[in-house]
Amino acid sequence: MEQQEQSWVQQWPRVTKFILSACAATVAEMVTFPLDLTKTRLQIQGEAAIKQHGPGGGPQMAYRGMMGTALGIVREEGPLKLWQGATPAVYRHIVYSGVRMVTYEQFRDVLGRSEDDTFPLWKAAIGGMLAGAVGQFMASPTDLVKVQMQMEGRRRLEGKPPRVHGVYQAVLKIISEGGIRGLWAGWVPNVQRAALVNLGDLTTYDTVKHILLRNTSLQDNSLCHGLASTCSGLVAATMGTPADVIKTRIMNQPRDMNGRGVLYTSSIDCLIQSVKGEGFISLYKGFLPTWMRMAPWSMTFWLSFEQIRKTMGISSF
């Protein structure tokens, strides 16, 4: 049995790595999803006041801070609503994480390491951004469904009719309003965000891990993986939050009969309106829950991924 398993792994290495990446990402996503929902609610709430009352005006925000948002959702909608939208989020990561990890490793194998067995930072940066962009473009429809499902609880509390009732119905609704292309609404800021996040995540993890292995007494174990993933989560959150805010707002906006956004014409327009209406700090709305989610997400993913690879007899990342 073990020989058959090893033969399968060796015969289909990319497929195996895709599956292992998807499994590790699913575990990480389910553990940290409530923070993603909290982040999304924080990012969206400011734009409604701007549209109704103008810059600087409007009523007091419904949510203030990460804990206030999470407690408000539990109190007003129920604790299970913290996982609303988790199904498309898992679908997203099956595609996104699987593609980005396989793409990065393939890129690293093609370019090769230097003579001293190091992978230069500039190569890692290009590989990380490319892997993130490709993975996110392919997974963008699931991200769109996830964002819209996350906002349904808040819409009901505001007295608005529900837009979607499930993943299948959400996909049909999006296609009916904007065609197949509608599934990729907001893909530009989505891909931009993913490129920046993976520049922080993949590049930082790969670089920090091998720096620790080369320059310290640490072994290729969970301690080393944990330290590298902690660094990667912080860098990824810092680089990716502004693009994440823009992506979320574009995906959540209503659309006209032709599938065009009503509030924003492009990611640049959304950026300008957000900064004008709410200030530059608006681009870092939800940074704390984003970081507090990325840190445990990154740690859970990398520890799981490395351990699963070891169990399957595949070399460390």
Side-chain angles (χ1 to χ4, degrees), residues 25 28-29 32-48 50 63 65-66 69-70 84-86 88-89 92-93 95-97 100 128-129 131-151 154 184-204 232-253 261 263-264 266-275 277-298 301:
E29 190 68 15
T32 62
F33 187 80
L35 288 171
D36 184 54
L37 177 66
T38 301
K39 172 208 68 177
T40 301
R41 294 288 182 89
L42 282 171
Q43 289 173 341
I44 290 296
Q45 68 172 350
E47 64 179 356
I50 293 297
Y63 300 136
M66 182 187 68
T69 303
Q84 185 165 16
R92 169 188 179 258
H93 268 288
V95 178
Y96 169 66
S97 289
R100 74 180 181 118
M129 294 184 71
V134 172
Q136 188 55 67
F137 179 77
M138 297 183 68
S140 193
T142 58
D143 213 13
L144 177 61
V145 173
K146 181 196 75 170
V147 169
Q148 295 199 358
M149 288 186 66
Q150 285 178 327
M151 296 308 299
R154 191 65 201 166
W184 273 266
W187 74 268
V188 174
N190 216 5
V191 167
Q192 291 170 345
R193 171 193 174 273
L196 291 172
V197 167
N198 280 275
L199 175 60
D201 183 35
L202 273 171
T203 303
T204 302
S232 68
L234 177 59
V235 176
T238 301
M239 300 188 70
T241 297
D244 191 40
V245 172
I246 302 302
K247 175 215 73 171
T248 300
R249 292 188 170 192
I250 287 180
M251 285 187 161
N252 187 66
Q253 69 175 327
L263 303 180
Y264 313 112
S266 65
S267 58
I268 298 298
D269 180 50
C270 182
L271 171 67
I272 293 172
Q273 288 196 47
S274 298
V275 173
E278 304 166 68
F280 179 78
I281 196 66
S282 67
L283 298 179
Y284 278 89
K285 277 193 170 184
F287 172 78
L288 184 58
T290 296
W291 175 51
M292 291 189 69
R293 176 178 184 266
M294 280 190 173
W297 194 101
S298 183
F301 172 79

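Below, all heavy atoms of this structure are taken into account, side chains as well, without hydrogens, waters or symmetry copies.
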Checklist outcome for this item: Value for CE (M294) from CG (L35), rounded to nearest 0.5 Å, stands at 11.5 Å
Next on the checklist: Under the rule for ring-ring contact (aromatic ring centres under 6.0 Å, His included), what residues qualify as partners of F301, not counting sequence neighbours?
Outcome noted: W297, F305
Checklist outcome for this item: For G200 and V235 the tightest heavy-atom approach is CA-CG1, 3.6 Å
Checklist entry - Roughly how far, to the nearest 0.5 Å, is the CG atom of N198 from the OG1 atom of T204? => result 10.0 Å
Checklist entry - Between T38 and T69, is there a donor-acceptor pair closer than 3.5 Å when you use the side chain of the first and the backbone of the second? => result no
Item to check | V191 vs S140, side chain to side chain contact (heavy atoms under 4.5 Å, CB included): CA-CA, chis, key distance, verdict | outcome: CA-CA 8 Å; V191 167; S140 193; 6.0 Å; no
Item to check | Donor-acceptor contact below 3.5 Å, side chain Y284 vs main chain V245 | outcome: no
Checklist outcome for this item: OG1 (T241) and CH2 (W291) are apart, to the nearest 0.5 Å, by 11.5 Å
Checklist entry - Which heavy atom in A194 sits nearest to a heavy atom in G132, and how many Å separate them? => result CB-O, 3.4 Å
Checklist entry - Got a second to check how far R100's CZ is from M138's CE, nearest 0.5 Å? => result 14.5 Å
Item to check | Main-chain N/O of L263 paired to Q253 side chain as donor or acceptor, under 3.5 Å | outcome: yes
Next on the checklist: If you apply the rule side chain to side chain contact (heavy atoms under 4.5 Å, CB included), what do you find for L144 with W184, and how did you get there?
Outcome noted: CA-CA 8 Å; L144 177 61; W184 273 266; over 6 Å; no
Next on the checklist: Is there a side chain to side chain contact (heavy atoms under 4.5 Å, CB included) between L283 and F280? Walk through the geometry before answering.
Outcome noted: CA-CA 6 Å; L283 298 179; F280 179 78; 3.7 Å; yes
Item to check | Heavy-atom closest contact (Y264 atom, Q273 atom, distance) | outcome: CD2-NE2, 3.7 Å
Checklist entry - How many angstroms lie between atom OG of S232 and atom CG of L202, to the nearest 0.5 angstrom? => result 8.5 Å
Checklist entry - Is a side-chain N or O of S282 found less than 3.5 angstrom from the main chain of G279, in a donor-acceptor match? => result yes
Item to check | For G128 against T203, the heavy-atom pair lying closest together | outcome: CA-OG1, 3.9 Å
Next on the checklist: Is there a side-chain contact between D201 and S298 in this structure, where contact means two heavy atoms from C-beta onward sitting under 4.5 Å apart?
Outcome noted: yes
Checklist entry - Any idea which heavy atoms bring M239 and P242 closest together, and the distance? => result O-CD, 4.0 Å
Checklist entry - In this structure, which one of R249, Q192, R193 forms a side-chain hydrogen bond (donor to acceptor under 3.5 Å, both in side chains) with D244? => result R193
Checklist entry - So which pairs with a foot in residues 133-145 pass salt bridge (charged side-chain N to carboxylate O under 4.0 Å, His left out), sequence neighbours left out? => result R92-D143, D143-K146, D143-K247
Checklist entry - CD1 of I281 to OG of S274: how many Å apart, nearest 0.5 Å? => result 13.0 Å
